[in-house]
2 protein chains.
Amino acid sequence: MARTQGSHSDITGPRIRKAALSLFARHGYAAVSMRQIAAEVGVQAGALYNYTPDKQSLLYRLMNDHMQELLSTYAKLTPADSPVEALRQFVSFHIRFHMERPDEVFIAYMELRNLSPENFTEIEAVRRKYEDSLEAILKAGQQQGLFTVADTKIATLAVIAMLNGVITWYRAGGRLSLDAVEQIYWDMVLRSVTA
Amino acid sequence: MARTQGSHSDITGPRIRKAALSLFARHGYAAVSMRQIAAEVGVQAGALYNYTPDKQSLLYRLMNDHMQELLSTYAKLTPADSPVEALRQFVSFHIRFHMERPDEVFIAYMELRNLSPENFTEIEAVRRKYEDSLEAILKAGQQQGLFTVADTKIATLAVIAMLNGVITWYRAGGRLSLDAVEQIYWDMVLRSVTA
DNA sequence: GTTCTATCTGAACGGACGCTCAGATACATT
DNA sequence: AATGTATCTGAGCGTCCGTTCAGATAGAAC
C-alpha cells in the first residue's frame, strides 16, 4: 500500500484535472469533495495534494487553462479583411470553440463566485480581453458605416449572450447540424447589428 | 431560552426564505449551510425545520414561487394587437420583471441541478411554458410575414438568451437608464427576427 | 389566572469535509 | 544488485454538515 503500479506525475496530474472538470461541471464545485475526485481517478484523497496545493487552486487552474486557450486560439485565426468578415469569423469561432468544451464553459460561468478575489480578478481580465476583441470589430464596422448599433459595449454583451445560449441547448445528433445552427445564429447576429 | 419575543410563523417563514434566497444567490446552494441561514434570521438552526422539511425543499420552494409568479404576471398583461407589439411587450416585460428579481433569477438558473428529478421536471415545465409564449409570438409574426426567422424555436432561445444577458451586467445607477437599455435591446431583438 | 399550544433553544447524532503526514512501495539511476 | 526518489496509502486531525428532539417559554384561549 503505497506507490501503485504505473504511477506517474505526468499521467495522474491530467487525470485529476479531467475528473475534477467533469465532476465540477456536473455537480458544482462546492458539492464535489476531494474524495470524490480521488475516487474517480482511482486514488486516495491524500494523493491529490501532490498535484494541487488545495481544492481552490484546482478550480482556478481549470478555469485559467480554459480562458488562456480561448484567447490564444482566437489570436491564431487569420485576420479578416472587413468587420463583417471578422464578425462572421468571431461567431463561427465562438460557437465551435465552446461547443467542443461544454464542461469548461459551464464551469467558467457557474463557478466564478467560488474563486478567491485575486483569482477572480485575473479570470475576469482575460474574459474582458476576449470581449474587447468583439467590441473592436463592432466599433470598426460602426465607423465604416457597416454596422448600426446604439452602443457597442451593450451590443458586444448581447451578441455573446446570444451565442452562449447555443451551448446550453445544442446537442450533437439533434434536429439541426452544427453548420445549420451556425448559419442561423450568424444571420441573427448580423441582423441585430445592422440597420 | 425557548420561544422568543414576538415570534410568529407568518413572520419567521418569509424571513427564512428571504435569507435563503439571498445566501443561495451569493454563495450557491451547496455552499450555504442551514446554520448560516438561521444566523441571518437570528434564530437557531433547528427552528428552520418548523418551516421546511429539509434544505432541498427550501430551494424548490424559492424556485417554484419565482416561476409561478413569472408566468402569472405575464399572463395578466393586456393582450397585444399585433405580433410586433406582442414582441415589444415581451421584451419589456422580460427585462423589467427579471431586473427586479436578480437573486431569484440567479438561483432559478444556477441551481437547477440541485433539484430532485421530480422537482426539476416541474420547474422545467413552467419554464417551457413561458418560452412557448414567446415562440407563439414569433410563429404568428412569421405567418403574417412580419418576422423572418429560420427556426422559431432557435430564435426563441436566442432572444431569451440575449435578454437574460442584461441581468448579468446591468446595475441601476450606471451609465444607462433602464429605459435606454430596454430601447436598445428592443431594437436588436426586432432586427434579429426581421429581414 | 390558568391552561394550552405554537415556537424556539441548546445539545447532540452520525457522517462528511479539507487537509496533513509518516511510512510503504514502484520505478529510475547507478 | 543497491540506492535514491517520486508517488501513493491509510490513518487521523479538527471542523462543519443536515437533521432530530426533549424541554423551555411567549402569547392565545378561556
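Just so we're on the same page: letters track the sequence lines, and every chain starts at 1.
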Between [options], spot the one nearest the side chain of [X], thanks.
| X | options | value |
| --- | --- | --- |
| B:A45 | C:dG18, D:dT19, D:dC8 | D:dT19 |
| A:Q5 | C:dA26, C:dC17, D:dT19 | C:dA26 |
| A:T12 | C:dC19, D:dC8, C:dC8 | D:dC8 |

Pair up each side-chain donor or acceptor in residues 66-73 of chain B with any protein partner under 3.5 Å, not counting sequence neighbours, and list the distances.
| unit_1 | atom_1 | unit_2 | atom_2 | d |
| --- | --- | --- | --- | --- |
| B:E69 | OE2 | B:R101 | NH2 | 3.1 |
| B:S72 | OG | B:Q68 | O | 3.2 |
| B:S72 | OG | B:E69 | O | 3.3 |
| B:T73 | OG1 | B:E69 | O | 2.6 |

| query | So what does A:V32 touch, heavy atoms closer than 4.0 Å: a base, only the sugar-phosphate, or nothing? | reply |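 Contact class for A:V32: sugar-phosphate only.
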
- Task: Classify the ring geometry between A:F93 and A:Y74 as parallel (under 30°), tilted (30 to 60°) or perpendicular (over 60°).
- Result: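 It falls in the tilted class, 30° to 60°.
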
### Task
Just say parallel, tilted or perpendicular for the rings of B:F90 and B:H94, cut-offs at 30° and 60°.
parallel

Give a yes/no on whether any side-chain N or O of A:S33 is located under 4.0 angstrom from OP1 or OP2 of C:dC17. yes

- Residue whose nearest DNA chain C nucleotide is more 5′ - B:Q44 or A:Q36: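 By nearest-heavy-atom nucleotide position, the 5'-most residue is B:Q44.
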
Using a distance-only criterion (donor-acceptor N/O pair, under 3.5 Å, no hydrogens), is the base of D:dA6 paired with the side chain of A:R3?
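Looking at the base of D:dA6, it does pair with a donor or acceptor on the side chain of A:R3 (distance under 3.5 Å).
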
Would you check if the side chain of B:R17 reaches a backbone N or O of B:R61 as a donor-acceptor pair within less than 3.5 Å?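 Answer holds: no.
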
Within residues 48-61 of chain B, the residues having a heavy atom closer than 4.0 Å to DNA chain D are B:Y49, B:D54, B:K55

